[in-house]
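Notes follow the structure.
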Amino acid sequence: MSAPSPGHGALLVFAGGLVGAAGRALVSAVIPTEAGAWPTSTLLVNLIGAFVLGIYLAVHQRRDPDGRGLHLWVVGVLGTFTTFSALSHEVFSLFEAGRATLATTYAVTSVGAGLLVAFVGARLGGLVE
């Protein structure tokens, strides 16, 4: 099979982006974060996204030779569901609020746990036939 055309790939990213952005907004509405508090919703979506990414990438190599799923799921859905910009803003805001320890703990937790759950997802995804 061949890779999707640039226009087709962009449509897949757009469609996936609608789903991911809606999911992100829903999590933020259900789990709001007060200013200066631990950013639970962003951490949650980033960890879920990293876990699903790990599973997807493990399975992707066997089941998505044309890259259509990569455009839809990884770039579109997961790219808009997870958010590095929100993580950066929240860390900066915590520092600005004088909560340096919380900011540092949140940044380290987000990156470390994100990598860990991506690895676990990849391992689990490797078990999927």
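Only this structure's heavy atoms are used, side chains among them; waters, hydrogens and symmetry mates stay out.
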Atom pair [atom1]/[atom2] of [X] and [Y] - distance to nearest 0.5 Å:
| X | Y | atom1 | atom2 | value |
| --- | --- | --- | --- | --- |
| L94 | H89 | CG | NE2 | 9.0 Å |
| I48 | L53 | CD1 | CG | 13.5 Å |
| T109 | L102 | OG1 | CG | 9.0 Å |
| E90 | T33 | CD | OG1 | 6.0 Å |

Going only through I, L, V, M, F, W and Y residues with side-chain contacts under 4.5 Å, is there a path from [X] to [Y]?
| X | Y | value |
| --- | --- | --- |
| W73 | V27 | yes |
| V19 | L72 | yes |
| V52 | V13 | no |
| L57 | F119 | no |
| V45 | L18 | no |

### Message
I'd like to know if the side chain of T80 and the backbone of A21 have a donor-acceptor N/O pair within less than 3.5 Å.
### Response
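Confirmed, T80 side chain pairs with A21 backbone.
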Who passes side-chain contact (heavy atoms from CB on, under 4.5 Å) against [X], sequence neighbours left out?
| X | answer |
| --- | --- |
| T40 | I31, W38 |
| F84 | L87, S88 |
| A118 | A50 |

Between [X] and [Y], what is the shortest heavy-atom contact and its length?
| X | Y | value |
| --- | --- | --- |
| Y56 | G69 | OH-C, 2.8 Å |
| A58 | A122 | CB-O, 3.2 Å |
| V91 | A107 | CG2-CB, 3.9 Å |

### Query
Are H71 and H8 close enough that some pair of their side-chain heavy atoms sits under 4.5 Å apart?
no
### Task
Consider only side-chain N and O atoms of R24 and T82, and report whether a donor and an acceptor are under 3.5 Å apart.
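Side-chain D/A pair, R24 to T82: absent.
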